[in-house]
Amino acid sequence: MPLPRDDRTADALRGALRHVYWIGGGSGGGKSAVARALSDRHGWRLYATDDVMGDHARRLSPDEAPRLHAFLAMSMDERWVDRSPEAMLETFHWFHGEGFGLIVEDLLRLPRETPVVAEGFRLLPRLVAPLLAEPRQAVWLLPAPGFRRAALLHREAPGEGFTGRTGDPERAFANLLERDRMFTERVSAEAGSLGLRTIDPGTGSAWGPGAVDGLVARVGEAFGVPSGNGS
């Protein structure tokens with residue numbers, strides 16, 4: 001759903017989403033953990049874009065989302081083993097904003113009395129920027145490759161998850177890491193060109209003692225909210 005050309009309508013849309021905080025970025029950067037912690041700490045509503053991907057995919061026609069439907073027609077090996085990471089990046093539907101309008105529609109349906117924290121890699125800087133009443137409403141978490149690898153391995157052992165359903169899980173995992181590295185670099189450049197805030201979640205091993213709490217504090221500071229309880 002592109003931003004309407006009528007400035008008054010655009011202003012109204014930004015006003016309607018003034019209560020939304022946005023956390024985007026590459027995989028393994030802590031988006032979900034930070035959003036959940038902020039939601040619990042401040043009594044905000046949590047909107048996880050990963051949770052609605054299936055519903056959104058079912059609602060998008062081939063004309064609305066050609067990359068999505070091409071992806072759905074592929075086998076697991078065609079998706080993750082047989083193609084280069086560059087091809088994966090350039091054809092992955094969510095990386096190109098397909099279905100983003102459905103995210104906006106979901107958020108507009110939520111009550112405005114309670115702040116909302118929306119999180120997910122689908123929140124691309126160029127798509128979120130026109131919806132911001134203030135730049136501080138959004139932040140992107142951009143993990144370095146080593147941090148991302150450690151984070152993904154922390155979630156599941158090699159050969160598990162969707163890469164385990166391919167004919168070559170090791171190659172699929174390596175392709176995934178490289179694709180996501182390039183995606184993170186692209187998001188970093190895009191956010192920088194728009195003057196939007198990015199945060200490197202850390203270096204070395206992912207999610208050591210206190211790492212999540214520290215990142216939550218940094219994101220809360222970027223949003224301009226207190227680090228303690230209450231909103």
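No hydrogens, no waters, no symmetry mates; every other heavy atom, side chains included, goes into these values.
Looking at residues two or more places apart in sequence or on another chain, you find a side-chain contact (heavy atoms from CB on, under 4.5 Å) between Ser75 and Asp77, Glu78. Every residue meeting the side-chain contact (heavy atoms from CB on, under 4.5 Å) condition with Asp180, not counting sequence neighbours, appears here in chain and number order: Ser27, Phe95, Arg148, Leu176. With sequence neighbours excluded, no residue forms a salt bridge (charged side-chain N to carboxylate O under 4.0 Å, His left out) with Arg58. Evaluation of the ring pair (Phe, Tyr, Trp, His ring centres under 6.0 Å) rule for His19 yields no partner, not counting sequence neighbours. With sequence neighbours left out, Thr198 forms a side chain to side chain donor-acceptor pair (under 3.5 Å) with no residue at all. Scored by the side-chain contact (heavy atoms from CB on, under 4.5 Å) test, Glu113 finds Pro111 as partners (sequence neighbours excluded). Partners of His96 by side-chain contact (heavy atoms from CB on, under 4.5 Å), not counting sequence neighbours, listed by chain and number: Arg67, Glu90, Arg186. Under the rule for a salt bridge (charged side-chain N to carboxylate O under 4.0 Å, His left out), Arg45 has no partner lying at least two apart in sequence or in another chain. For Glu178, the salt bridge (charged side-chain N to carboxylate O under 4.0 Å, His left out) partners at least two apart in sequence or on another chain are Arg181. Scanning for salt bridge (charged side-chain N to carboxylate O under 4.0 Å, His left out) contacts around Asp50 gives an empty result, with sequence neighbours left out.
Geometrically, Arg79 engages Phe71 in a cation-pi contact, judged by NZ or CZ lying under 6.0 Å from the ring centre and within 45° of the ring axis.
Within the structure, salt bridge (Lys or Arg N to Asp or Glu O under 4.0 Å) pairs that include any residue of residues 19-30 do not occur (at least two apart or interchain).
Side chains of Glu119 and Ser32: a donor on one and an acceptor on the other come within 3.5 Å. A donor atom on one side chain and an acceptor atom on the other are found under 3.5 Å apart for Arg83 and Thr91.
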Which atom pairs, one a donor and one an acceptor, fall under 3.5 Å between side chains of residues 121-133 and the rest of the protein, sequence neighbours left out?
| residue | atom | partner | partner atom | Å |
| --- | --- | --- | --- | --- |
| Arg122 | NH1 | His56 | ND1 | 3.2 |
| Arg122 | NH2 | His56 | ND1 | 3.1 |
| Arg122 | NH2 | Gly99 | O | 3.2 |
| Arg126 | NH1 | Glu190 | OE1 | 3.0 |

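Shortest non-hydrogen contact noted between Gly30 and Leu141 is C-CD1, 3.9 Å.
Using a cutoff of 4.0 Å between basic side-chain nitrogens and carboxylate oxygens, Asp40 and Arg36 are not scored as salt-bridged.
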